[in-house]
2 protein chains.
Amino acid sequence: MGEIEIIHSIRKFNRNYVRSIGLLEKTFLNTGYSLTESHILYIVKEEGKTTATDINKVLHLDEGYLSRIIKKLISNSILIKEKSQADKRVFKISLTEKGIKEQQKLDELSSCSIAGIISHLSQGQQEELAQSFNKIMRLLYGQ
Amino acid sequence: MGEIEIIHSIRKFNRNYVRSIGLLEKTFLNTGYSLTESHILYIVKEEGKTTATDINKVLHLDEGYLSRIIKKLISNSILIKEKSQADKRVFKISLTEKGIKEQQKLDELSSCSIAGIISHLSQGQQEELAQSFNKIMRLLYGQ
DNA sequence: AAAAATACTTGATATAAGCAAGTAATTAGT
DNA sequence: ACTAATTACTTGCTTATATCAAGTATTTTT
């Protein structure tokens, strides 16, 4: 396989996957959260208690944009922030009780939408699919 | 591998890939074309002479939005439209000379950005990567 | 011939994202 | 210890991207 074919395969995948992600975004619209917001909530769940800066080490959003999203999530009682004692520039962010529940709902929605997409595949095909995704993850992102 | 692991793998991939596509979008910003516009031009190149409706069979954009994008591309002399003789509701759309050149530039930019991403991989790893993408394409999109 | 569907357009609006300037706190340089 | 630079976060303003709803013209269905 030459470089041109390799690049062609990846570009073909990208063209198709962009649309899948577009569909995913529409699924999230009904929830009242954007994909980006749901991503932020996922990170806060994973990290437990974190900061805007740490979230942005993953997401690389515009700082002002992130600040506003967090502000909105706080005003909707999904997140709370408390001033860090160690560094008074920093706000520690975490999920409220409501936030935990909302995040779980989003988590389930995401899993269900994936389950739907792979439901027409056999068990063996589903495993092949997962292994392909895992391989790409390792090769591209070292994970 | 159980269903939970399979879904987990795909979701992990998605979280990472969303950002790759975000970066790709930023690359395109400098060109004066959005990823969506470049996608439209790609389809017009592939199809030769096509219609808004046919483009949207692939992209599923809002009709009005697509109409405006096409309008803009026409006013920038990238596309031309001519009324179909067979059906006077329809406009046949195609690339101008300038449009062909611009599309080629976008094509190269896209290929180069992929080449950059895979450049740190060995030839063998690049082939594994392409094969993984191909397998996913077949499983998810039947292509 | 009327009703329904299709192809496309346009006005108004919403959502997502980015830029730039600013405040407050911390760290680095001398 | 004091100034300069950096970091964390915020806010006002703007742009980019996308959607909704209503409308025109044409074609297809009944």
Side-chain angles (χ1 to χ4, degrees), chain A residues 18-19 21-41 43-44 47 49-76 79-94, chain B residues 18-19 21-41 43-44 47 49-76 79-94:
Chain A
V18 164
R19 288 199 293 285
I21 286 170
L23 285 180
L24 193 60
E25 276 168 354
K26 275 174 199 154
T27 308
F28 273 85
L29 270 186
N30 307 327
T31 65
Y33 301 93
S34 69
L35 195 50
T36 299
E37 285 167 344
S38 118
H39 221 135
I40 290 168
L41 296 182
I43 292 169
V44 179
E47 302 296 322
K49 192 172 267 193
T50 185
T51 67
T53 299
D54 281 344
I55 291 170
N56 233 7
K57 278 174 189 156
V58 183
L59 297 186
H60 309 289
L61 304 169
D62 176 78
E63 277 181 302
Y65 181 42
L66 177 57
S67 175
R68 262 181 264 258
I69 291 178
I70 290 171
K71 192 178 173 186
K72 178 190 147 195
L73 291 170
I74 288 169
S75 78
N76 291 345
L79 295 178
I80 39 168
K81 73 175 178 184
E82 44 180 320
K83 212 164 205 160
S84 162
Q85 285 311 103
D87 183 340
K88 282 166 189 159
R89 291 169 304 180
V90 173
F91 291 93
K92 291 284 185 181
I93 291 164
S94 49
Chain B
V18 164
R19 288 198 292 284
I21 287 171
L23 286 180
L24 193 61
E25 276 168 355
K26 276 174 199 152
T27 309
F28 273 84
L29 270 186
N30 307 326
T31 65
Y33 300 94
S34 69
L35 195 51
T36 300
E37 286 166 346
S38 119
H39 220 135
I40 290 168
L41 297 181
I43 292 169
V44 179
E47 302 296 322
K49 191 173 268 192
T50 183
T51 67
T53 298
D54 281 344
I55 290 171
N56 233 6
K57 278 174 189 156
V58 183
L59 297 186
H60 309 288
L61 303 169
D62 176 79
E63 276 181 303
Y65 181 43
L66 176 58
S67 175
R68 264 181 263 258
I69 292 177
I70 289 170
K71 191 179 174 186
K72 177 188 148 195
L73 291 170
I74 289 169
S75 78
N76 292 345
L79 295 177
I80 38 169
K81 72 175 178 184
E82 44 179 321
K83 212 165 203 160
S84 162
Q85 285 311 104
D87 182 340
K88 283 167 189 158
R89 291 169 304 180
V90 172
F91 291 95
K92 292 283 185 181
I93 291 164
S94 48

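For the numbers below, each heavy atom of this structure counts, side chains included, while hydrogens, waters and symmetry mates do not. It should be emphasised that the depicted structure is a prediction, and the values quoted were computed from it without experimental measurement. Numbers restart at 1 for each chain; the letters A, B, ... are given by sequence-line order, proteins then strands.
Among D:dT11, D:dC9, C:dA17, the nucleotide with an atom closest to any side-chain atom of A:Thr36 is C:dA17. Distance from the side chain of A:Phe91 is smallest for D:dT10 among the nucleotides D:dT10, D:dT11, D:dA16. Which of C:dC8, C:dT10, D:dC9 sits closest to the side chain of A:Ala52 comes down to D:dC9. Among the nucleotides C:dA16, C:dT9, C:dC8, the one closest to the side chain of B:Thr51 is C:dC8. The nucleotide whose nearest atom lies closest to any side-chain atom of A:Lys26 is, among D:dC9, C:dA16, D:dT19, D:dT19.
Under the side-chain hydrogen bond (donor to acceptor under 3.5 Å, both in side chains) criterion, the residue pairs touching residues 22-35 of chain A are A:Tyr33-A:Glu102, with sequence neighbours excluded. Residue pairs meeting the side-chain hydrogen bond (donor to acceptor under 3.5 Å, both in side chains) criterion with at least one member in residues 81-90 of chain A, sequence neighbours excluded, are A:Lys49-A:Glu82, A:Asp87-A:Arg89.
Residues A:Leu61 and A:Asn56 approach most closely at N-OD1, 2.6 Å, considering heavy atoms. The two atoms that bring A:Ile93 and A:Val44 nearest to each other are O-CG1, 4.1 Å, heavy atoms only. Counting all heavy atoms, side chain and backbone alike, B:Leu66 lies closest to B:Ala52 at CD2-O, 3.3 Å.
Atom CG of A:Asp54 and atom CG of A:Leu59 lie 11.5 Å apart (nearest 0.5 Å). Within the model, atoms OG1 of A:Thr51 and CD1 of A:Ile70 stand 8.5 Å from one another, a figure rounded to the nearest 0.5 Å. Atoms OG1 and CZ, on A:Thr50 and A:Phe91 in that order, are 14.5 Å from each other to the nearest 0.5 Å.
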Please tabulate the protein-to-nucleotide N/O contacts below 3.5 Å involving nucleotides 3-5 of chain D, giving atom names and distances.
none

Pick out the pairs of N or O atoms, protein on one side and nucleotides 28-30 of chain D on the other, that lie under 3.5 Å.
none

Produce the list of close N/O pairs, under 3.5 Å, pairing protein atoms with atoms of nucleotides 20-22 of chain C; give distances to one decimal.
none

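Between the CD1 atom of B:Ile74 and the P atom of C:dC8 there is a distance of 11 Å, given to the nearest Å. One interatomic measurement links the two molecules: CG of B:Leu35 to C1' of D:dA18, which rounds to 14 Å at whole-angstrom precision. Computed from coordinates, the B:Lys88 NZ to C:dA5 P distance equals 24 Å when rounded to whole Å.
Of the two residues near DNA chain D, A:Tyr65 and A:Lys57, the one whose nearest nucleotide lies more 5' is A:Lys57.
Rounded to 10°, the helix from C:dA1-D:dT30 to C:dT30-D:dA1 has 30° between the axis fitted to its first five pairs and the one fitted to its last five.
Looking only at distances, a side-chain donor or acceptor of A:Arg19 sits under 3.5 Å from a matching main-chain atom of B:Val58. Counting only distance, with no hydrogens or angles, the side chain of A:Arg68 and the backbone of A:Glu63 share no donor-acceptor pair below 3.5 Å.
Counting any heavy atom pair closer than 4.0 Å across all strands shown, A:Lys72 reaches no nucleic acid atom.
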